[in-house]
Structure formats: C-alpha cells, structure tokens
Enquirer: 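If you scroll down you'll find the structure; I have some questions about it.
Letters A, B, ... mirror the listed sequences (proteins, then strands); counts begin at 1. Fair warning: this is a prediction, and the values are worked out from it, not measured in the lab.
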Amino acid sequence: MTDKSATESELEIVSLQQLLLDWYQTQGRDLPWRNEPDPYKIWVSEIMLQQTQVKTVIPYYQRWLKQFPTLNALATADLQEVLKAWEGLGYYARGRNLHKAAKYIVRHHDGVFPTQPEAVLKLPGIGRTTAGGILSAAFNQPLPILDGNVKRVLARLIALPKPPKQAVSQLWELSERLLARDRAKDFNQAIMDLGATLCTPKNPACLLCPWQQHCQAYNKGIQSQLPMKEPSSPLPHKQIGVAVIRNTQGQILIDRRLEEGLLGGLWEFPGGKIEPGETVQACIKREIKEELGIEIEVGEHLISLDHAYTHFRITLHVHYCRHLAGEPQTIECQEVRWVTLEEIDRYPFPKANTKIIAALRAR
DNA sequence: GACTCGTGGGG
DNA sequence: TCCCCAAGAGT
C-alpha cells in the first residue's frame, strides 16, 4: 500500500533529507551521548530514553556511567545495585533487562556489543526502534527508527487520518524511505530532535520547521489536531492499606517484590488492596497475615498519599504497626528484612514508598 | 493484538 | 485536580 502523496517522489525525499540535515547542523541538540563512540554508552542512553524525557534521563545517565563505566562493570554488578541506580526512573524491567543483556553479551559475544541487527534484536529490552537507534548512532548503519517523536512528525507530514497505532507498518515504511542512508546517524537524531523541539505534541513551532512547506498537516492547518489519538478508558482507583511494622528493637519490616511484574525486584512496605466494606485497619491486619504470616497490631495513621501509575491510580493509607508474633515468611515476595531507618537507603524503593520513608524521617 | 509496565512535567 | 504524554518492549 503505497502512499500517493507528495512524499512519493525520490526528488522530494532528497529535498526533505537535505532540509532536515541542514537544520540539524545548526539547531540540533547537544546531548551527552551525542558523538559518543562507545556502543555501550549509547545503548544505556537508548534504554533510559524509552518513554522518558531527555531532561529526566541526563542525571541518571551521568551517575550510571560513573557507577558502571563499562559493559563488563555492569555485567558483574549485583541486580540490587543496578536497581538502586535505576530507582525513580520507572519501568524497572528496563534496568533488569539491561543487566541481563550485559551478562548475555559477556557470555555470548565476548563482552563486545554486537553489530549485527539480528543479534542486537535478540537482547532483552531491545526492539526494532532501540536497535535502529543504537546501530545508527554507534556505527551509522542505515536502520530506521519509529519512536514517539518520529510517529508524530510523520503523522503530521502526511496528515495521517488515523491514530499512529493503526498505521505502524505504514509509518515504518515511511521512516525507512525517508532515511538518508549514507547519513543514518545524523538523520535519525535529527528527526527526533525535530519532534522534541519543534514538532511538539502541543503548540508545534511550524514557523521554524525545515519541513513546513512539505508538511500536509501544516498546509491544511490541522497540525494541532494531529496525530489523532485513540479513545482512552478511565483509570481504576484502588485503595491500599500499608504497614510500617516495627519490632521491639525499633527496626522496620520491608519486603522485596517478586522479580517479574509491577515494580519487580524492588523493596516496599507490605500491604494490599482494601476490599469493599473493609476498614483500613482490618485490611492491613489481613494482608500482613496473608503475605508474611505474622500477627500485628495496627496502630496510628502515619500518612495517606495518592500515586498514579500508567493504568491505574492508588491511594496508600499507611499505618504504624506493632509486631506481635510469628517469624515473617516470604509467601508472596522474594525476601523480607528488618532494617533501621539508617540502613533503608541502601535498598531500591518505588517512588510512592520513598514518600513514606520521608514521612518516617520527618517524625 | 490487547495488556502491562513508572514517573515527572505541562496545560 | 485531572488529563496528556514522553527516544517502547515484553507477554
């Protein structure tokens, strides 16, 4: 299914390439991983940048490379250490997969990041966009990308009359067709910069855009309405009871979540969902019995806080609790530990839990 | 192919 | 306060 639009002609493609590359030369962003020859460092940046804005990534990227300066350093590190470095970035499977892939590369590629696209795509956490991003940036390989920026830019360029999600293969073809094959590295970076700095989701700066005259959305005056979006369903809101359980020595009980799934491998304060008609206190007592097999007394309220994930929202109702009887067991977690408030910083926690720790310190 | 998987910032 | 969305990938 070819697009019979203006972008069809080879002549115009060359023109679009030149316009974008010229713009990039003067207006492209200066980012820490640009002009970086080490594929390991480019790889780290690409993973951190998945679904995450540049401004958020930069400090994590700098700290990461100090802590794990080489692929081998990452491969030999502890998973807990890796997750601690990732703490706060979200989508923790990225950190787990980065670690897993580093070990795999040491074992199967002699510790050298592979250059074959097929080999790169086999690595956990790397899909087509990230593979193209790494190999074009590190080796100038002529591989297209299709991230959120490129989807938005291309959807506007051809005035795509449907949500990008419903036209993924068409957009991949267009990204591949537009790619300046001899300058893949610069071209891919340039089109992402265009999306991030001019062709933004809201209030695109079309007057500054090198593709303005070629952009069908702009020419139709519908750039602010594109790309079209899918209808979204309302997010469920769950009420959660959370326990800060203290023993007679003043230590606090924390547990490590299962390796897979939401916040996998991170530590947390135990608790769970409040059932309909259930009080917070009853919920906490029940959950702790079910998950850890111990008896507690639910005490005073510490804090309540709201937190939003991608697919649901929660309100945490946190109470102090007193340990009464029983040795904590790992029934629905990997590990449990009694820690002091001084030791607790060494463990990686999800954001909602770091707010609880801050509240504990403030008391 | 539809779900799952975090967090921060902007409007 | 609420919604949107960002250098996507795994299941």
Side-chain angles (χ1 to χ4, degrees), chain A residues 28-29 31-34 42-61 83 86-98 100-101 120-137 143-153 163-166 168-169 171-172 175 185 187-197 199-204 224 227-237 257-266 268 305-315 348-355:
Chain A
R29 291 176 292 180
L31 301 174
W33 42 87
R34 293 257 163 101
I42 294 171
W43 171 37
V44 170
S45 76
E46 290 285 342
I47 301 301
M48 287 186 172
L49 286 161
Q50 289 170 1
Q51 300 295 97
T52 309
Q53 294 187 341
V54 165
K55 184 166 59 171
T56 302
V57 165
I58 287 177
Y60 279 91
Y61 176 77
L83 287 176
W86 202 272
E87 182 183 53
L89 252 190
Y91 286 137
Y92 296 92
R94 296 183 295 171
R96 298 195 304 269
N97 283 333
L98 203 44
K100 189 185 301 181
V120 173
L121 279 168
K122 281 201 178 80
L123 301 172
I126 298 184
R128 189 176 175 187
T129 286
T130 301
I134 296 169
L135 292 176
S136 63
L143 300 171
I145 57 174
L146 189 64
D147 71 327
N149 287 310
V150 178
K151 281 178 188 167
R152 185 172 58 257
V153 168
K165 191 175 293 181
Q166 297 176 24
V168 168
S169 61
L171 292 172
W172 269 112
S175 179
K185 169 184 168 132
F187 183 89
N188 282 341
Q189 299 296 317
I191 193 168
M192 283 192 285
D193 276 13
L194 187 67
T197 64
C199 197
T200 47
K202 295 167 188 171
N203 305 319
S224 63
M228 296 179 68
K229 54 184 176 185
E230 312 262 1
S232 59
S233 50
L235 304 179
H237 190 150
R257 295 174 62 90
L258 298 178
E259 207 63 44
E260 305 296 319
L262 183 70
L263 307 168
L266 274 69
E268 66 175 2
L305 47 92
D306 294 320
H307 194 75
Y309 295 99
T310 306
H311 289 283
F312 61 94
R313 304 169 182 285
I314 58 173
T315 300
F349 282 88
K351 203 61 191 175
N353 278 248
T354 63
K355 293 180 192 169

Enquirer: Applying ring pair (Phe, Tyr, Trp, His ring centres under 6.0 Å), name anything that partners A:Tyr61, two or more places apart in sequence or on another chain.
Expert: A:Trp33
Enquirer: Check the surroundings of atom NZ in A:Lys100: do more than 12 heavy atoms from other residues, nucleotides or ligands lie under 6.0 Å from it?
Expert: no
Enquirer: What is the 5' to 3' range of DNA chain C, first to last nucleotide, that sits under 4.0 Å from any heavy atom of chain A?
Expert: C:dC3 to C:dG10
Enquirer: Checking all strands, does A:Gly133 fall into the base, sugar-phosphate, or nothing category for heavy-atom contacts under 4.0 angstrom?
Expert: nothing
Enquirer: Which residues pass the side-chain contact (heavy atoms from CB on, under 4.5 Å) test with A:Ser224, sequence neighbours left out?
Expert: none
Enquirer: Under 3.5 Å, which donor-acceptor pairs do the side chains of residues 50-58 of chain A form with other protein atoms, sequence neighbours left out?
Expert:
unit_1	atom_1	unit_2	atom_2	d
A:Gln50	NE2	A:Gly125	O	3.2
A:Gln50	NE2	A:Thr130	OG1	3.0
A:Thr52	OG1	A:Met48	O	3.4
A:Thr52	OG1	A:Gln50	O	2.9
A:Thr52	OG1	A:Arg94	NH1	3.1
A:Thr52	OG1	A:Arg94	NH2	3.4

Enquirer: Taking any heavy-atom pair under 4.0 Å as a contact, classify A:Ser232: base, sugar-phosphate, or nothing.
Expert: sugar-phosphate
Enquirer: Summarise protein proximity over nucleotides 3-11 of chain B in one line of letters, 5' to 3': B for base, S for sugar-phosphate only, - for none, counting protein heavy atoms closer than 4.0 Å.
Expert: -BBBBS-B-
Enquirer: What side-chain donor-acceptor pairs closer than 3.5 Å can you find for residues 144-151 of chain A, not counting sequence neighbours?
Expert:
unit_1	atom_1	unit_2	atom_2	d
A:Asp147	OD1	A:Val150	N	3.0
A:Asp147	OD2	A:Asn149	ND2	3.3
A:Asn149	OD1	A:Arg152	NH2	2.9
A:Asn149	OD1	A:Ala196	N	3.4

Enquirer: Would A:Tyr309 and A:His307 count as a close aromatic pair, with their ring centres under 6.0 Å?
Expert: yes
Enquirer: List in chain and number order the residues that pass side-chain contact (heavy atoms from CB on, under 4.5 Å) with A:Thr310, two or more places apart in sequence or in another chain; answer none if no residue qualifies.
Expert: A:Tyr91
Enquirer: How do A:Arg34 and A:Pro124 order along DNA chain C: which one's closest nucleotide is nearer the 5' end?
Expert: A:Arg34
Enquirer: How far does the P atom of C:dA7 sit from the matching atom of B:dT4, given to the nearest Å?
Expert: 24 Å
Enquirer: Pick base, sugar-phosphate or nothing for A:Trp86, based on heavy-atom distances below 4.0 Å to the nucleic acid.
Expert: nothing
Enquirer: By the 4.0 Å heavy-atom rule, please label A:Ile42 as base, sugar-phosphate, or nothing.
Expert: nothing
Enquirer: Write down the distance separating the P atoms in B:dG8 and C:dA9, rounded off to the nearest Å.
Expert: 23 Å
Enquirer: When rounded to the nearest Å, what value does the distance between C1' atoms of B:dC5 and C:dC5 take?
Expert: 15 Å
Enquirer: Base, sugar-phosphate alone, or nothing: which one does A:Leu146 contact when heavy atoms must sit under 4.0 Å apart?
Expert: nothing
Enquirer: Does A:Ile126 or A:Arg29 map to a spot on DNA chain C nearer the 5' end, using the closest nucleotide for each?
Expert: A:Arg29
Enquirer: Indicate, with a heavy-atom threshold strictly under 4.0 Å, whether A:Gln189 touches base, sugar-phosphate, or nothing.
Expert: base
Enquirer: By side-chain contact (heavy atoms from CB on, under 4.5 Å), which residues pair with A:Asn203, not counting sequence neighbours?
Expert: none
Enquirer: Applying salt bridge (charged side-chain N to carboxylate O under 4.0 Å, His left out), can you list everything that pairs with A:Arg34, at least two apart in sequence or on another chain?
Expert: A:Asp193
